[in-house]
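Since the structure comes first, as structure tokens, the remarks are kept for the end.
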Amino acid sequence: MAPSAKFVKAYKAMRTLGYTQQIVKPVLKNLLVVYNQNWQHIEDSNYSALVEAILDSEEFKEKEQQKFHLVDEPEEDEPPLKRSRLRSQTCSSPGDSSPSSNGTKGTKIQPQMPYYQGEADISASNSSPGSKPKKKTQVLAHHKSDKLEPLSPGTHLIDDGDTYTSGSIVPRMIKERCEHTVSLEEKNVVCDSILSNQKNMLIKSYSDAPGEVELLPDDPSEFEIPLSLVPPDNKKFLIEGDSSNAKEQFSTSPVVINLDAEDTHGSSSEMDSLVRGNCLEYECSDATKGENSSSNSSQIDIASSSSGEVKLSIIFESSLPSNFRVPSVDAVLRHLEENLLKSYRIIQPGLPVINLMKDICEGFLAAATNTTDDEAVNCTDVHCNPISPKELDAQHVLNGNVNHQVGFCVSPNTSMGPIQVQSPVDIRPQIPKFQSLNCLDLSHYKIDVTMKGSYGDSNKNIVALGDLKSSASSSMMIIQKQHFRHDMLSSTYYIDDITRGEEDLEISLINEFNNDHQPMFKYIPKNVTYQSAYVKFLLARISDDNCCSNCFGDCLSSEIPCACAGETGGEFAYMPGGIVKEKLLEDCIMMNRNPQQKNLFYCQECPLERSKDKNLSGTCKGHLVRKFIKECWYKCGCTKDCGNRVVQRGITRRLQVFMTPEGKGWGLRTLEDLPKGAFICEYVGEIVTNMELFERNSLNTGKKHTYPVLLDADWCTEGVLKDEEALCLDATFYGNIARFVNHRCDDANLVEIPVEVETPDHHYYHLAFFTTRNVDALEELTWDYGIDFSDHNHPVKAFKCSCGSQFCRDKKALKSRRSRG
Ligand SMILES: C[S@@+](CC[C@H](N)C(=O)[O-])C[C@H]1O[C@@H](n2cnc3c(N)ncnc32)[C@H](O)[C@@H]1O
């Protein structure tokens, strides 16, 4: 039996035997210690005897006394159940004679269960079911007396305008919690700067004993931080307040909800809540998932305050690798964005994690302000008891478990705003890892996001929290529901617009072949300069005579070619309708297919060759003279509809990114029939200098999504560009759909043509794709990357080509290699 299952079993058995959570909790903790060391003893144990033995043991009592500074009180007749709960979940003021726990009177069984030295967190409870109260203890605390009001199950408790439907209420004060070092709860409290600043925070808590009431504050405004709660029947939890008045209720009635979808059933939720609310938080979070769950899990806790702040905690649990190092917040976010989002089923392209978290918070606000009572009871658990980064549970430490808490504060109101990292990752001291036998060897990543905001309508993407059994890394699935068409197979992965509205047309992405999700990159519709690249089309150069400032209307309809056409020999590149003229198209295709027939320009004193060796004059090896297009632009006198403006208007054809069945990865296809010479898209990416690209490539050892396009190295006839000036396009991190165009040898249906829009100096141009022939709807769009598959010395190792072309150069190279032996 898996240790976690045993743990659950032990818990259930103890609860069945009638032990209160407050007894079970410390006992389980002790049990865990034993368990780690000698778990086979547990297998056949009589749990009743076990509990009694633990409670009766001298070590247990001693530790409990030390830890909680318990003061013996005169015996008082109180039902043990209630007393124990009061003892462990409430804090009494000095001199408070409210009921407290009795001592333990256990059996004489003393199992050989070594207590692990250093184990620190032991509950204050030491009562035993059915036992006669032996003594009363009092927790020394420093706060004013709390008012106690009993409720029966289902009773509506009106407090400060709030309505509670059932259960117990355990409000706490943050000050008290931060000052205290006496209880398990205190140990777990983070005096978080975010939460601690909140006023009027009140917690609704539900015990496992319906009708049992804990503390109710005289002044709820004193309660600033929520504590852990247990729902009465594992299902019943509500956001208090009636729906008619939900907004006001919400603003004055903070709630704390655990939305862990996996904890919705059975007593596991109860236990999970119980233990998470205390020091055993993570162990039991895992334990409750029992045998069925993987060792990895996650949960989301969301809390809101009366001031409109929503705090989101995401706890991600996974096995600690041996090279574990605490990363920076930036590193975590970057890593998530680059690598992990897809495993969480987050389909939004380039979605920053922080935005996702903010969306969740906003969704919570929106839901909270629109939720009816009926809907509200779906929440499964009530919990917010953040673990103090400074005070780790000893068991965690011993198990080498680490809790990283990261706080983020998302700026006010629902519009996007700057994000402040409020509390950076807490760096754990170097704790020797305890090699335990059990399966609770988890690391815990807890990311808190806090959003203060107005409660305006949110039309943000839907966030669904559910069970993602197929995912190895998380039980959380976050999807954009609206992006799934109903007629699709459940296995189809589909996004309706990967451009996020950046293009005039939506461009969908579909995968019907495997489980790959959209690669991480940021969609940009136009090139952006990365850093050092200097692109010369400044407004200061508006006086340059490279435009047709005297034109008006549509230049194409003018009888005399305009100045822009003069740049390309007095000929416009386009026909009406934006189709590239046949001659230009064929020239460009030819130049690509037959490099040996490239149009070369030879200079007399080649600056390029001279730059290689200053002492030699150097014979010019020829510079490529590329055919190009010069478009009119906004410096010109023509209108935006001018027929000589095509590429700058962006994508106009219906296209789709799809998963290719041939193993080439993603590809681009057309969803409509295309004529020959039609503009498809520009190759968009980051404009980087040669130097920057080199640095990137040497840093980035991971797989590349794109082939950087060298913009002007073989085209510039104006002199030799230094590496820090020569421009390249890299679409690895920022790009458009062109980054998905796959290679096809020789007979690709796309050809790239340089297009000048803003600058005439050939230093920078747009690389535009046009169709080389008529293309049918659903055909894949391909481009000949120009790779020489026989060049094995090339620094970039070519992929194994599966273009399927009869002219495939890779296959030819392979054949000739084979024939050479
Ligand atoms: C610009 S990306 C094209 C999009 C890419 N398929 C993806 O999934 O992101 C270039 C990469 O696609 C793959 N690829 C492109 N054309 C290919 C071909 N003909 N055969 C095999 N793989 C190809 C190679 O992995 C190459 O490095």
Side-chain angles (χ1 to χ4, degrees), residues 337-339 341-342 347 349-350 493-495 498-499 507-524 527 592-593 651 655-670 680-686 688 693 696-697 700-711 728-752 767-769 772 775 779-792 794-815:
E337 285 167 17
E338 285 172 11
N339 301 307
L341 285 183
K342 67 179 176 183
I347 299 166
Y493 175 83
Y494 183 80
I495 302 173
I498 61 163
T499 80
I507 298 170
S508 57
L509 175 145
I510 190 165
N511 183 356
E512 298 159 291
F513 291 100
N514 57 33
N515 294 323
D516 282 7
H517 288 177
Q518 183 188 357
M520 292 305 300
F521 80 106
K522 175 90 176 170
Y523 193 98
I524 51 169
N527 291 334
N592 278 349
R593 285 190 189 159
I651 298 163
L655 308 169
Q656 184 178 59
V657 176
F658 74 112
M659 181 53 67
T660 61
E662 306 93 354
K664 293 183 292 186
W666 298 101
L668 183 70
R669 66 183 172 193
T670 173
I680 300 304
C681 65
E682 183 182 339
Y683 188 100
V684 168
E686 284 177 271
V688 290
L693 188 69
R696 268 185 188 198
N697 289 346
N700 185 7
T701 51
K703 72 169 182 177
K704 277 227 249 293
H705 288 293
T706 58
Y707 273 73
V709 174
L710 205 55
L711 277 176
C728 306
L729 282 177
D730 184 3
T732 306
F733 308 109
Y734 293 83
N736 72 345
I737 49 165
R739 76 192 295 286
F740 295 110
V741 177
N742 284 318
H743 160 86
R744 187 174 171 98
C745 297
D746 286 20
D747 60 358
N749 53 20
L750 297 183
V751 64
E752 82 273 21
L767 198 69
F769 289 122
T772 57
V775 181
E779 258 193 76
E780 179 177 2
L781 297 168
T782 54
W783 164 46
D784 190 335
Y785 295 179
I787 300 171
D788 180 355
F789 287 96
S790 57
D791 180 3
H792 297 291
H794 198 280
V796 181
K797 196 173 170 342
F799 48 84
K800 191 169 176 305
C801 185
S802 44
C803 69
S805 166
Q806 57 173 312
F807 310 108
C808 179
R809 299 192 293 271
D810 193 18
K811 300 267 178 312
K812 279 185 194 164
L814 191 69
K815 255 190 199 162

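Bear in mind the structure is a predicted one, so any value in this text is a computation, not a measurement. Just follow the structure's listing: the first ligand is 1, and inside any ligand the first atom is 1.
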Before you tell me yes or no, could you show the steps for Glu780 and Lys664 under salt bridge (charged side-chain N to carboxylate O under 4.0 Å, His left out), namely the whole-Å CA-CA distance, both residues' side-chain angles and the distance that decides it to 0.1 Å?
CA-CA 11 Å; Glu780 179 177 2; Lys664 293 183 292 186; 2.8 Å; yes
Quick one: does Cys801 get within less than 4.0 Å of ligand 1, heavy atoms only?
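So Cys801 counts as touching ligand 1.
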If you draw the axis of the six-membered ring of Phe521, does the NZ or CZ of Arg739 fall within 45° of it and under 6.0 Å from the ring centre?
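Ring-cation test returns yes.
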Do we get Arg809 above Phe789's six-membered ring, with its NZ or CZ under 6.0 Å from the centre and within 45° of the axis?
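Judged by the rule (NZ or CZ under 6.0 Å from the ring centre, within 45° of its axis), Arg809 is not positioned above Phe789.
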Which option out of Phe521, Trp666, Tyr683, Phe740 puts a heavy atom nearest to atom 5 (C) of ligand 1?
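Closest candidate by heavy-atom distance is Trp666.
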Counting heavy atoms only, which of Trp783, Tyr785, Phe799 is nearest atom 23 (C) of ligand 1?
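Shortest heavy-atom distance from atom 23 (C) of ligand 1: Phe799.
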With no hydrogens and no angle check, is any side-chain donor or acceptor of Asn749 less than 3.5 Å from a backbone partner on Thr782?
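Side chain of Asn749 to backbone of Thr782: a pair is present.
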So, regarding Ser802 and ligand 1 (criterion: nitrogen or oxygen to nitrogen or oxygen, under 3.5 Å), is there a contact or not?
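Indeed, backbone or side chain, Ser802 has an N or O that close.
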Polar atom proximity, Asn742 to ligand 1 (N or O, under 3.5 Å)
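Yes, Asn742 has an N/O under 3.5 Å of an N/O on ligand 1.
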Is the contact between [X] and ligand 1 made by the side chain, the backbone, both, or neither, using heavy atoms and a 4.0 Å cut-off?
| X | answer |
| --- | --- |
| Arg744 | neither |
| Val741 | backbone |
| Lys800 | backbone |

For ligand 1, which atoms sit closer than 4.0 Å to a heavy atom of [X]?
| X | answer |
| --- | --- |
| Cys803 | 19 (N) |
| Arg739 | 1 (C), 2 (S), 3 (C), 4 (C) |
| Gly665 | 6 (N), 8 (O) |

Classify the ring geometry between Trp666 and Tyr493 as parallel (under 30°), tilted (30 to 60°) or perpendicular (over 60°).
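Trp666 vs Tyr493 ring planes: tilted.
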Output all residues satisfying salt bridge (charged side-chain N to carboxylate O under 4.0 Å, His left out) with Asp810, sequence neighbours left out; order by chain, then residue number.
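Not a single residue meets the salt bridge (charged side-chain N to carboxylate O under 4.0 Å, His left out) criterion with Asp810.
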Quick one: salt bridge (charged side-chain N to carboxylate O under 4.0 Å, His left out) partners of Glu512, sequence neighbours excluded?
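Counting only residues at least two positions away or on another chain, Glu512 forms no salt bridge (charged side-chain N to carboxylate O under 4.0 Å, His left out).
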Mind running ring-ring contact (aromatic ring centres under 6.0 Å, His included) on Trp783 and Phe769 for me, showing each step along the way?
CA-CA 8 Å; Trp783 164 46; Phe769 289 122; 4.8 Å; yes
